[in-house]
Structure formats: C-alpha cells, structure tokens
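As structure tokens, the structure follows; a few thoughts come after it.
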Amino acid sequence: MDRSAAVPSSPLARAEQFVWLTARVLEQRRFAYHFLGGGADPVETALTAYLGDDGGYGHALEPDLRGPHSRPQHAAHALRVLDGIGRCGGRHAEGLCRYLTEITTPDGALPAHRPAPPGSPVASGGPAAFGGPMADGPAGNLLTTGPVVGLLHRNDVWHAWLFRATDFCWAAVAALEERAAPRAEEVLAAVAFLDGAPDRSRALAAAERLGRRVRKQGLVALDPEAARATPPPHGHPPGRRIFVHEVAPTPGSTARAWFTDAEVERSLDFLADSQCEDGGWPLRRSTRAPGAVLESRPIVTIEALLTLRAYGRAL
C-alpha cells in the first residue's frame, strides 16, 4: 500500500493535521474559522469557557498562566481572538472593561501580574506569562496595558477605562523611546498599542522614533540565520530572539516601515522554513508550566499561518 498519498503536502494541510491532533477546542475552532471557512460563533462559544464571573478571562487561556483566576494577560489573549473573528465590541468589551476597571492600578493602567485571591492554590508563586515580571506592586505596566488598549481602540470600543489607560500608554511609549536599553517584549507591547491608537499621526511619529532606537540597539534579529550564532541583546531571555515578522506581523503594522523589503522577506522565509515535521511551528520561548508547550504550539502555528498569509505567501 502506498502511504505517501496520506501524508499532507502543503504547509496548511500539515498544520491542519497538527491542530486536529494536538490543539485545544478553542484553537481548533480558530483554525477552522481562519482557514477552512468555519463560523465565528463556534470560536466565541469556545472562548466563553474561559470567562470568569468577574468579567475577565482565566483557566489558562494564556497557557503559561495556570489556574482559574482572571489575569490581565488573559484579557489581551481574549481580545486577540475576538479581534480575529470581528467580535471584539458589544457585550464582550463591556464586561471586560468592567473587569479591567476593577484591577486598574493607581496610574490608570493594568498591573504586570495580579496575585491570585487569598487561599488559592496558586496564590503565591504562580507562573507569570512570558515577558511579564512577577510583580505584585501597584504600578501599571506597558506589557499588559499596551496590547489591551490597542485592540480596544482598533475595534472602536469606547469606555471610561480607556481614557487614563491610553494616556498611560502614550507616556510609557515616550519613556521607552528615551530608555537606554528597552526590553524587546516592551517594544512588542508598544507596537500593539500604536497599531490601534486612534491618533494615527501621533502613533506613526512615535513608531518612527521607536523604530530608530530598535534598529540602533539591535533589538530585532534582521538575519535569522546569523542570530542563531550570536548572543541575544539586552532584554532578551537566553535563547529568545525577536524576529522581523514578530514585530510586524502584518504589512499594515506601524513597525513595517522599520524594515527593508529584503529584511521582511528574509524573516518570512525563515518563518516558513520553521514548520516542524509534525506540521506545527516551534515555541521559541521558555515556559513555566508543564503543559504550556503543548497548548502553546497550536497558537503559535495559527499566528505563523496568519502572518504568512497576510504577506501573500502561499499556504
């Protein structure tokens, strides 16, 4: 019997097989929506399983954050899912903004890490999402606030919580432009905010200044192959490099102007070539929970496919 015909040949077909074999229901529904003509309702239904009584999201929606409790990082993840299916407004935004208001820090932003309620089995020492420090203090953080504010603005959501949070993000991005050594993950959060900020002329000007700093300090690996042989710059965890396609995942990103066409194409080639034998894409960051790698790889796989498609690459 010739078994070669049963082996998927296209990147999309191989990724589909990987998703059906390994992904959570949410990622299976997302894959079906984005690549198989599936509906938005099943995605929304699957996401609702992660919704808490407080209006936030928990239950390891962001795989590195275990436990049932709502966290700011889960909110950003939920908004990315809803944005992808065009369901980011309405009752979803209203309930989530009430939760965000409840956990807002005195400076009007979101904390880097919100402690679990007293008595919880993960009340202390719970894993933080990658890039987010284990901080329980009252200060707001761009890592958690920027993506949330950017996605809400991108979807024309207006809520009282957004006013101070938006001001916080503008100030945080300006501070990042002046910092001697900004962290790469903070740059990603800044871009997520700037991509959705309503004042487009201000956002583009801020992005231009930030882009000059990013290139000057080598925060993004412009040559993925060469990056494997060089140590990461300041602000990167060991073994973690930030690539062009991560900073500018779509041609419409404010960060796209930071890079030449050749640099973008080289990064996309690297992304396309990174598909593993099992059909999924690798997780290029450390995790703190045993199941996080298995649950994260389908998410990374969907993001890789969406980026390749956004740039017109054949799937």
Side-chain angles (χ1 to χ4, degrees), residues 44 47-62 64-65 67-120 122-123 126 128-129 131-176 185-186 188-199 202-203:
E44 191 173 341
L47 181 63
T48 301
Y50 297 89
L51 188 62
D53 294 337
D54 57 2
Y57 290 85
H59 299 280
L61 175 58
E62 180 66 37
D64 251 356
L65 279 170
H69 307 292
S70 299
R71 308 284 190 182
Q73 292 91 340
H74 294 317
H77 192 122
L79 287 173
R80 285 193 296 271
V81 172
L82 292 168
D83 175 67
I85 62 173
R87 299 281 181 90
C88 212
R91 60 185 178 87
H92 295 294
E94 183 179 349
L96 186 58
C97 285
R98 284 199 300 269
Y99 162 72
L100 299 176
T101 301
E102 292 175 0
I103 67 169
T104 295
T105 58
D107 49 9
L110 299 176
H113 175 66
R114 189 189 185 203
S120 163
V122 291
M134 294 290 289
D136 297 337
N141 194 284
L142 180 63
L143 291 174
T144 48
T145 311
V148 169
V149 172
L151 283 165
L152 290 174
H153 279 308
R154 170 187 169 95
N155 288 273
D156 297 322
V157 173
W158 289 100
H159 187 276
W161 177 79
L162 275 168
F163 289 100
R164 292 185 63 210
T166 302
D167 288 341
F168 171 89
C169 289
W170 283 124
V173 170
L176 203 62
E185 296 294 335
E186 291 175 313
L188 295 179
V191 171
F193 165 68
L194 294 173
D195 279 351
D199 188 339
R202 184 179 181 183

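Each residue takes its place number in the sequence, starting with 1.
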Item to complete: Looking only at non-hydrogen atoms, find the nearest pair between A76 and L151 and report the distance.
Response: O-CD1, 3.9 Å

Discussion item. One pair to check against side-chain contact (heavy atoms from CB on, under 4.5 Å): L152 and C97. What are the steps and the verdict?
Written reply: CA-CA 9 Å; L152 290 174; C97 285; 4.1 Å; yes

Show every donor-acceptor pair shorter than 3.5 Å between a side-chain atom in residues 84-92 and any protein atom, with sequence neighbours excluded, or say none if there are none.
| from | atom 1 | to | atom 2 | distance (Å) |
| --- | --- | --- | --- | --- |
| R87 | NH1 | D41 | OD1 | 3.0 |
| R87 | NH1 | E44 | OE1 | 2.3 |
| R87 | NH2 | D41 | OD1 | 2.9 |
| R91 | NH2 | E44 | OE2 | 2.6 |
| H92 | NE2 | E44 | OE2 | 2.6 |

Fill in: Contacts of W161 that satisfy ring-ring contact (aromatic ring centres under 6.0 Å, His included) - sequence neighbours left out
none

Worksheet entry | Which atom of Y99 lies closest to which atom of P72, heavy atoms considered | OH-N, 3.7 Å

Worksheet item: Does the pair E185 and L143 meet the rule for a side-chain contact (heavy atoms from CB on, under 4.5 Å), with working shown?
Response: CA-CA 7 Å; E185 296 294 335; L143 291 174; 3.9 Å; yes

Discussion item. Under the rule for side-chain contact (heavy atoms from CB on, under 4.5 Å), what residues qualify as partners of A192, not counting sequence neighbours?
Written reply: P147

Item to complete: Could you go through the side-chain contact (heavy atoms from CB on, under 4.5 Å) check for L47 and L61 one step at a time?
Response: CA-CA 8 Å; L47 181 63; L61 175 58; 3.9 Å; yes

Fill in: Of N141, T105, L100, the residue whose pairing with L110 passes side-chain contact (heavy atoms from CB on, under 4.5 Å)
L100

Worksheet entry | R164 CZ to D107 CG distance, which is reported to the nearest 0.5 Å | 7.0 Å

Worksheet item: Looking only at heavy atoms, which two atoms of H159 and T101 are closest? And how far apart?
Response: CE1-OG1, 3.8 Å

Worksheet item: Nearest heavy-atom pair of T166 and H153: which atoms, and what distance?
Response: OG1-NE2, 2.8 Å

Discussion item. Using the rule given for side-chain contact (heavy atoms from CB on, under 4.5 Å), can you reason through T145 versus F193, listing the C-alpha separation, both sets of side-chain angles and the distance that settles it, and then say yes or no?
Written reply: CA-CA 8 Å; T145 311; F193 165 68; over 6 Å; no

Worksheet item: Any salt bridge between R98 and E102, counting N to O under 4.0 Å?
Response: no

Discussion item. So which atom in T144 and which in P111 form the shortest heavy-atom distance, rounded to 0.1 Å?
Written reply: OG1-O, 3.0 Å

Worksheet entry | Residues forming a side-chain hydrogen bond (donor to acceptor under 3.5 Å, both in side chains) with H77, sequence neighbours excluded | E62

Worksheet item: Which atoms form the tightest heavy-atom contact between L82 and Y57, and what is the distance?
Response: CD1-OH, 4.3 Å

Worksheet item: Is any side-chain heavy atom of Q73 less than 4.5 Å from a side-chain heavy atom of D64?
Response: no

Worksheet item: Residues in side-chain contact (heavy atoms from CB on, under 4.5 Å) with A203, at least two apart?
Response: W170, L194, A197, R200

Response to the item:
Across all chains, not counting sequence neighbours, the side-chain contact (heavy atoms from CB on, under 4.5 Å) partners of D167 are none

Worksheet item: Are S70 and Y50 close enough that some pair of their side-chain heavy atoms sits under 4.5 Å apart?
Response: no

